[in-house]
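See structure below.
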Amino acid sequence: MELELSELQELRRQKAEELRRLGLDPYSPRAIRTHTTEEARERFLKIESERGAGAEDDEPVTLAGRVVSVRHMGKTAFSHIRDGHGELQLYLRRDDLGEEEFERFLKLIDLGDFIEATGTLFRTKTGEVSLRVQRYRPLTKALNAPPEKWHGLQDVELRHRQRYADLIANEETRRVFLIRSRMISAIRRYLDSLGYIEVETPTLQPLYGGAAARPFTTYYNALDQTFYLRIADELYLKRLIVGGYERVYEICKDFRNEGIDRNHSPEFTMLEFYEAYADYETMMQRVEGLIVYAAQEALGTTRLVYQGNEIDLTPPWRRITLRDAIRQYSGIDYVEHPTQESLFAAARAAGADVEPGTVWPRIVDQLLKQFVRPHLIQPTFVIDYPVELSPLAKRKPDDPTHVERFQPNIGGLEIGNAFTELNDPLDQYARFVQQQKDRAAGDEEAMPIDLDYVNALMYGMPPTGGVGIGIDRLAMLFTDQPSLRDVILFPAMRRLPAQQGGEPTGEDDANKATNSSLAAT
RNA sequence: GACCCCGUAGCUCAAUCGGCAGAGCAGCGGACUUUUAAUCCGUUGGUUCUGGGUUCGAGUCCCAGCGGGGUCACCA
């Protein structure tokens with residue numbers, strides 16, 4: 001099958017052919033660079049500080065990178081190349097390169113190509129550190145022209161479908177994912193420094209649990225059974241606490257087969273960490289410490305701006321019980337409305353967006369979402385949730401209707417969920433049974449009973465605190481992005497017919513799976 | 001899943017009330033030996049997302065579809 005090239009692509013292909021005719025490989029197997037652009041600039045600044053203004057390097061350096069601009073002026077040309085560390089200007093003169101090489105650069109090197117350039121560092125009269133090129137060599141011919149140089153790539157769909165082009169065109173995109181990466185590595189360093197061990201638990205699970213969500217379903221051919229992509233790793237991590245590890249964490253993808261919006265993605269990244277002999281008080285301090293450290297490492301500050309709001313991460317963070325928060329922002333005290341009918345009426349009267357059939361816990365949740373969360377701009381722990389909302393959390397000793405649970409909220413975003421873990425196996429079993437009743441009553445997201453987990457608890461889990469942090473939401477906060485998709489490198493998109501080289505072959509799996517939502521369709 | 005908005009050159013965007021599809025960047029040709037979105041002269045490039053319909057005439061209006069975005073629902 002012949003790949004059809006556009007007019008512009010064909011022109012560039014011909015230039016690649018011309019390079020070949022000249023004995024130059026348009027797809028060189030290797031680059032031989034001596035310095036990154038960053039190292040070259042540092043080198044020159046050092047030389048300049050030693051020898052004074054006007055100094056020029058006397059040793060040649062070789063740089064490699066993508067040509068991102070060319071300004072031709074008769075018998076000279078300026079060009080910027082970009083590598084993974086930054087950009088540096090090339091200064092090309094016909095008198096330095098010879099007429100043939102100089103013309104060849106102008107004729108055969110395009111924006112987007114990778115080249116290698118050797119020369120000496122100096123500062124132009126306009127003050128820019130530059131490389132006076134003695135020779136250059138093509139490394140990679142780009143057949144696609146880069147997006148518009150001034151506006152970059154704006155089309156949201158293209159930016160997501162072709163993230164590579166977005167990264168080439170938009171400095172901001174490069175910044176966002178760099179910060180995300182630094183944030184995650186800082187999180188690992190922080191937990192490692194506290195003696196946490198990083199573990200890996202199954203992505204494909206025979207039974208899903210640890211959260212209320214609809215799973216993606218797939219078929220495990222080798223085991224001849226339906227499996228689920230994990231919606232959480234919670235129950236596995238707590239099994240490890242049962243096993244005797246004191247501090248464990250995992251950063252992984254969770255999958256929830258639900259809607260996509262600016263705060264939700266069916267495939268998202270979660271950090272969960274569990275600590276024996278700790279409770280939710282301890283874990284609040286852990287969260288404060290973790291996020292402050294990550295911000296300091298990734299951003300160099302603990303004061304940030306999210307969507308126009310200035311946020312100060314300095315601990316201690318505000319704490320407010322869920323009951324007080326809802327009372328303060330909606331005027332409703334849900335404790336005074338223990339029945340669905342009563343709470344529903346009060347919620348409706350307050351203007352809450354709830355349907356008549358909404359169950360009691362969901363009304364509470366709606367009140368939280370609608371009235372409280374938008375006000376939680378500065379870091380705030382909302383604590384102590386009704387037991388009905390939290391089947392895996394431990395009850396408060398002085399109030400068995402509530403559990404020791406908190407959710408950190410920053411910038412109006414719910415960035416996590418945590419509690420003192422329920423370690424009473426019989427209470428846990430009873431909660432599972434209640435979930436099963438909810439499921440029978442039509443709650444598709446109620447958790448299935450996990451008897452093996454109950455069995456694990458029967459071996460004894462010490463008092464334990466656990467936390468889940470939504471890494472993507474934290475990345476939104478750190479990078480001031482309004483949508484989760486802006487901090488996910490390759491957000492899921494519908495497949496375009498034109499994108500396929502052929503039909504995908506996932507049919508066996510799709511046919512066997514009772515729910516083929518995971519399989520290619 | 002419902003509703004609303006968007007889809008024009010490789011990219012960024014115009015196109016009056018329904019009346020000859022245009023500009024900038026990129027590309028191509030040329031001038032220019034320190035430029036910074038270089039500048040200047042010339043120039044190529046269109047299935048206006050797809051398929052129907054209305055009309056003398058559709059980028060524009062109507063219907064359906066595809067793709068994306070937003071709001072809602074769903075998402076402890």
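In what follows, chains are A, B, ... by sequence order, proteins preceding strands, each numbered from 1.
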**Identified side-chain contact (heavy atoms from CB on, under 4.5 Å) counterpart of A/Phe490 within the set A/Glu267, A/His160, A/Arg163** = A/Arg163
**Prompt:** Taking atom P in both B/C32 and B/G45, what distance in whole Å separates the two?
**Reply:** 28 Å
**Request:** Could you tell me which nucleotide pairs with B/U16 by Watson-Crick or G-U wobble geometry, both distances under 3.5 Å, or answer none if nothing does?
**Result:** none
**Request:** Identify which nucleotide among B/G67, B/U35, B/A76 has an atom closest to any side-chain atom of A/Glu128, counting heavy atoms from C-beta outward.
**Result:** B/U35
**Message:** Under 4.0 Å, counting only non-hydrogen atoms across every strand here, what does A/Pro391 touch: a base, just sugar-phosphate, or nothing?
**Reply:** base
**Prompt:** Quick one: the side chain of A/Arg93 and the base of B/U33, do they pair up donor-acceptor inside 3.5 Å?
**Reply:** yes
**Prompt:** When rounded to the nearest Å, what value does the distance between C1' atoms of B/A64 and B/C25 take?
**Reply:** 37 Å
**Asked** Taking it one step at a time, do A/Glu10 and A/Gln14 satisfy side-chain hydrogen bond (donor to acceptor under 3.5 Å, both in side chains)?
**Response** CA-CA 6 Å; A/Glu10 179 56 29; A/Gln14 285 166 12; 3.1 Å; yes
**Request:** Compare the minimum distances between each of B/U12, B/G67, B/G69 and the side chain of A/His151, then state the nucleotide with the smallest one.
**Result:** B/U12
**Complete:** Taking B/A76, B/G29, B/G70 as options, the one with an atom nearest any side-chain atom of A/Asn417 is B/A76
**Prompt:** Given B/C25, B/U36, B/C11, which nucleotide is nearest the side-chain atoms of A/Lys149?
**Reply:** B/C25
**Prompt:** Going by atom types alone, do A/Glu250 and A/Thr201 pair a side-chain donor with an acceptor below 3.5 Å?
**Reply:** yes
**Atom-to-atom span, CG of A/Leu496 to C1' of B/G65 - whole angstrom** = 14 Å
**Fill in**
Rounded to whole Å, the CD-P distance (A/Gln9 to B/G10) equals 10 Å
**Prompt:** For the pair made of CD in A/Gln162 and P in B/G67, what is the distance, rounded to whole Å?
**Reply:** 17 Å
**Contact nearer the 5' end of RNA chain B, comparing A/Glu148 with A/Ala212** = A/Glu148
**Message:** Can you say whether a donor on the side chain of A/His72 sits under 3.5 Å from an acceptor on the base of B/C32, or the other way round?
**Reply:** yes
**Prompt:** Is the backbone N or O of A/Asn409 less than 3.5 Å from a side-chain atom of A/Trp317, with the two atoms forming a donor-acceptor pair by type?
**Reply:** no
**Message:** Using the C1' atom as the point on both nucleotides, what is the distance between B/U54 and B/U60, in whole Å?
**Reply:** 13 Å
**Prompt:** Which pair of non-hydrogen atoms, one from A/Glu414 and one from A/Arg373, has the smallest distance, and what is that distance?
**Reply:** OE1-NH2, 2.7 Å
**Message:** Measuring from the side chain of A/Ala145 (C-beta onward, heavy atoms only), which nucleotide among B/A26, B/U44, B/U34 has the closest atom?
**Reply:** B/A26
**Message:** Using atom P in both nucleotides, what's the gap between B/A58 and B/G68 to the nearest angstrom?
**Reply:** 30 Å
**Message:** When you measure from the side-chain N and O atoms of A/Arg262 to the phosphate of B/U71, is any distance below 4.0 Å, counting only OP1 and OP2?
**Reply:** yes
**Asked** Near A/Arg431 CZ, under 6.0 Å, is it more than 12 heavy atoms from other residues, nucleotides or ligands?
**Response** yes
**Prompt:** Quick check: are there more than 12 heavy atoms from other residues, nucleotides or ligands sitting under 6.0 Å from CZ of A/Arg348?
**Reply:** yes
**Message:** Please determine whether a side-chain nitrogen or oxygen atom of A/Arg256 lies at a distance below 4.0 Å from atom OP1 or OP2 of B/A76.
**Reply:** yes
**Message:** Can you check the distance between B/C5 and B/C49, where both ends of the measurement are the C1' atom (answer in whole Å)?
**Reply:** 16 Å
**Message:** Under 4.0 Å, counting only non-hydrogen atoms across every strand here, what does A/Gly210 touch: a base, just sugar-phosphate, or nothing?
**Reply:** base
**Message:** Considering every strand and a 4.0 Å limit on heavy-atom distances, what is the contact class for A/Lys15: base, sugar-phosphate, or nothing?
**Reply:** sugar-phosphate
**Prompt:** Which nucleotide in the list B/C28, B/G68, B/A76 gets nearest to the side chain of A/Leu11?
**Reply:** B/C28
**Message:** With rounding to the closest Å, how many angstrom separate the C1' atoms on B/G24 and B/A38?
**Reply:** 15 Å
**Prompt:** To the side chain of A/His80, which of B/G30, B/U36, B/U33 is closest?
**Reply:** B/U36
**Complete:** Of B/U35, B/C74, B/G24, the nucleotide closest to the side chain of A/Asp261 is B/C74
**Asked** Closest heavy-atom contact between A/Ala165 and A/Pro147?
**Response** O-CG, 4.1 Å
**Asked** How far, in whole Å, is B/A15 from B/G7 if one measures between their C1' atoms?
**Response** 16 Å
**Request:** Ignoring hydrogens and angles, answer whether the base of B/A26 and the side-chain atoms of A/Asp110 contain a donor-acceptor pair closer than 3.5 Å.
**Result:** no
**A/Leu111 CG to B/A38 P, straight-line distance once rounded to whole Å** = 9 Å
**Request:** Indicate whether OP1 or OP2 belonging to B/U35 is found under 4.0 Å from a side-chain N or O atom of A/Lys75.
**Result:** no
**Request:** Using Watson-Crick or G-U wobble geometry with both distances below 3.5 Å, tell me the partner of B/G59, or none.
**Result:** none
**Prompt:** What does B/G27 pair with, Watson-Crick or G-U, if both distances are under 3.5 Å?
**Reply:** B/U43
**Request:** Let me know the distance between OH of A/Tyr91 and P of B/U36, rounded to the nearest Å.
**Result:** 13 Å
**Prompt:** Checking only heavy atoms, does the side chain of A/Gln89 share a donor-acceptor pair with the base of B/U35 at less than 3.5 Å?
**Reply:** yes
**Message:** Pick the closest RNA chain B nucleotide for A/Phe78 and for A/Leu106 by heavy atoms, then say which residue is nearer the 5' end.
**Reply:** A/Leu106
**Message:** When the P atoms of B/C74 and B/U12 are compared, how many Å lie between them, rounded to an integer?
**Reply:** 36 Å
**Request:** Check every atom of B/U35, B/G10, B/U71 against the side chain of A/Leu8 and return the nucleotide holding the closest atom.
**Result:** B/G10
**Base of B/U12 paired with side chain of A/Gln154 (donor-acceptor, under 3.5 Å)** = no
**Request:** Would you kindly give the CH2-to-C1' distance between A/Trp150 and B/A38, to the nearest whole Å?
**Result:** 13 Å
**Prompt:** Side-chain N or O of A/Arg362 less than 4.0 angstrom from OP1 or OP2 on B/A76?
**Reply:** no
**Message:** Just N and O in the side chain of A/Arg71: are any of them under 4.0 Å from OP1 or OP2 of B/U39?
**Reply:** no
**Asked** Is A/Thr126 side chain donor-acceptor paired with the B/U35 base, going by distance under 3.5 Å alone?
**Response** yes
**Item:** B/A2 - base-pair partner by Watson-Crick or wobble geometry, distances under 3.5 Å
**Value:** B/U71
**Message:** Can you confirm whether more than 12 heavy atoms, excluding those of A/Phe177, are under 6.0 Å from its CZ atom?
**Reply:** yes
